[in-house]
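We name chains A, B, ... by the order of the sequence lines, and we start the count at 1 in each one.
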Protein chains: 2
Amino acid sequence: MPPRERPAEYAILGLLATEESGSHGYDLARSFSEGEPLAEILRLEPGMLYHHLKRLERAGAVSQSTIQTGSRPPRQIYQLTESGRERLISWLQSPVEHTREIRLEFLVKLYFARQLAPDLAAKLIEMQLSTLRELRESLGQREPADPFLTSVTELRQSQTDAAIRWLESLQPV
Amino acid sequence: MPPRERPAEYAILGLLATEESGSHGYDLARSFSEGEPLAEILRLEPGMLYHHLKRLERAGAVSQSTIQTGSRPPRQIYQLTESGRERLISWLQSPVEHTREIRLEFLVKLYFARQLAPDLAAKLIEMQLSTLRELRESLGQREPADPFLTSVTELRQSQTDAAIRWLESLQPV
DNA sequence: AGAGCCATGTAAGAGGTTACATGATTAG
DNA sequence: CTAATCATGTAACCTCTTACATGGCTCT
């Protein structure tokens, strides 16, 4: 699981973190369907959901057990493992590096950080702020010759400024 | 070629639009390599570049001719067709629909619109502004019950506001 | 009786990344 | 003589999207 972002998988871990007794695919799918807050920031079709569950199981982040339900297809119950919980927590404690990742990755982190531990959310916001402030600093120091690249930099600065101001507005919570 | 964005293919068309006599893959690749302004907004490795060229040829947007260069592998010269030019122009005249597409798609449009025809760039900026203003309007009318969704909406509003202000700063040009 | 829910997936394909294959030529 | 440049690609591998397959059960 290590390589990249894959926010969907962490969202699954996040959902399982609040379900002591585990949960099955169809159940998790509901959290990603229309009307649910998560669906506003992250879309996840059944096909991919089941795919991610298999991957997480192979990676040891969740454990799987089968429950017969009579006539229906048997439920695959997934539970967060200790290793899975550690990965989740460590992910929730790392800010995203680019402004464009605020809209998806960071929002997912924030959503679960708030649910699992409010102080974790506060720390996350603080770290994200200092990351973006550093980024903003480095954008300010560029001096491109090309007028087009000047515009590009100005766009990035203004997007980053907006994200910083938004984060600051969250902070007093 | 119709379905989706694929800004890289339009960037190729854009480069060919300023080369009456056509250009070959290796040559185009230079425009996407480090130090070039395009590389700041769009990365394109050789593998994908050649792949796109084949697609564009199949779609009739470029025409291909082979030139023997003695010992080296023969150059494949690509030229923009009339149909290709029409697609490019029509693409340059359509604003992007979401704020997140400003950073890539819109910047590519702006880059080539400015090079090909300044009045086209002015029109593009104007249309993009009205699209984003409409979007901003609709974001302002939401009233989510959930405090988390309120934050999400505030983030989107602030990002859209920043993009609008940036576009306005471009306009007097 | 038919619609929609439960519950799991597979299949096909679009689109992209990274790395490598080839083989001559030119620059240091 | 070695490294980089020219010039074309292929191969393997991911990720995600969309659509469908299966088949019983529940509600109206």
**Student:** Of all the choices, C:dT8, C:dG15, C:dG16, which nucleotide is nearest to the side chain of B:Arg6 once you look at every atom?
**Tutor:** C:dG15
**Student:** To the nearest angstrom, how far is B:Leu44 atom CG from C:dG15 atom C1'?
**Tutor:** 12 Å
**Student:** Please tell me which of the listed nucleotides, D:dT8, C:dT8, C:dG15, lies nearest to the side chain of B:Arg55?
**Tutor:** C:dG15
**Student:** Of the candidate nucleotides D:dT8, C:dG16, D:dC16, which contains the atom at the shortest distance from the side chain of B:Met48?
**Tutor:** C:dG16
**Student:** Base, sugar-phosphate alone, or nothing: which one does A:His24 contact when heavy atoms must sit under 4.0 Å apart?
**Tutor:** sugar-phosphate
**Student:** Quick check on DNA chain D: between A:Gly47 and B:Gly25, whose nearest nucleotide comes earlier from the 5' end?
**Tutor:** B:Gly25
**Student:** Please state how far atom CD in B:Glu45 lies from atom P in C:dG16, giving the value in whole angstrom units.
**Tutor:** 13 Å
**Student:** How long is the span from the CG atom in B:Leu28 to the OH atom in B:Tyr50, to the nearest 0.5 Å?
**Tutor:** 8.5 Å
**Student:** Over 60° means perpendicular and under 30° means parallel, so classify the ring planes of A:Trp91 and A:Tyr10, tilted if in between.
**Tutor:** parallel
**Student:** Just compare C:dC6, D:dA7, C:dG15 and give me whichever is closest to any side-chain atom of B:Arg30.
**Tutor:** D:dA7
**Student:** The side chain of A:Tyr78 is closest to which nucleotide in this list: D:dT18, C:dG9, D:dG9?
**Tutor:** C:dG9
**Student:** Figure out the NE2/P separation between B:His51 and C:dG16, and round it to whole Å.
**Tutor:** 7 Å
**Student:** Is B:Lys54 close enough to D:dT8 that one of its side-chain N or O atoms is under 4.0 Å from OP1 or OP2 there?
**Tutor:** no
**Student:** Any side-chain N or O of A:Tyr26 under 4.0 Å from OP1/OP2 of C:dT8?
**Tutor:** no
**Student:** Are any non-hydrogen side-chain atoms of B:Leu104 and B:Val96 less than 4.5 angstrom apart?
**Tutor:** no
**Student:** Whole-Å distance between D:dG9 P and B:Leu49 CG?
**Tutor:** 10 Å
**Student:** Between A:Gln128, A:Lys109, A:Met127, which is the residue that forms a side-chain contact (heavy atoms from CB on, under 4.5 Å) with A:Ser94?
**Tutor:** A:Lys109
**Student:** Walk me through it: do A:Phe112 and A:Leu38 pass the test side chain to side chain contact (heavy atoms under 4.5 Å, CB included)?
**Tutor:** CA-CA 10 Å; A:Phe112 288 108; A:Leu38 258 189; 3.9 Å; yes
**Student:** State whether A:Tyr50 places a side-chain N or O below 4.0 Å from either non-bridging phosphate oxygen (OP1 or OP2) of C:dG9.
**Tutor:** no
**Student:** In whole angstroms, how far is the P atom of D:dG9 from the CG atom of B:Leu28?
**Tutor:** 12 Å
**Student:** Could you check how far CZ of A:Arg75 sits from P of C:dT8, rounded to whole Å?
**Tutor:** 8 Å
**Student:** Once you round it to whole Å, what is the distance between P of C:dA7 and CD of A:Gln76?
**Tutor:** 12 Å
**Student:** Can you tell me the distance, in whole Å, between the CD1 atom of A:Ile67 and the P atom of C:dC6?
**Tutor:** 17 Å
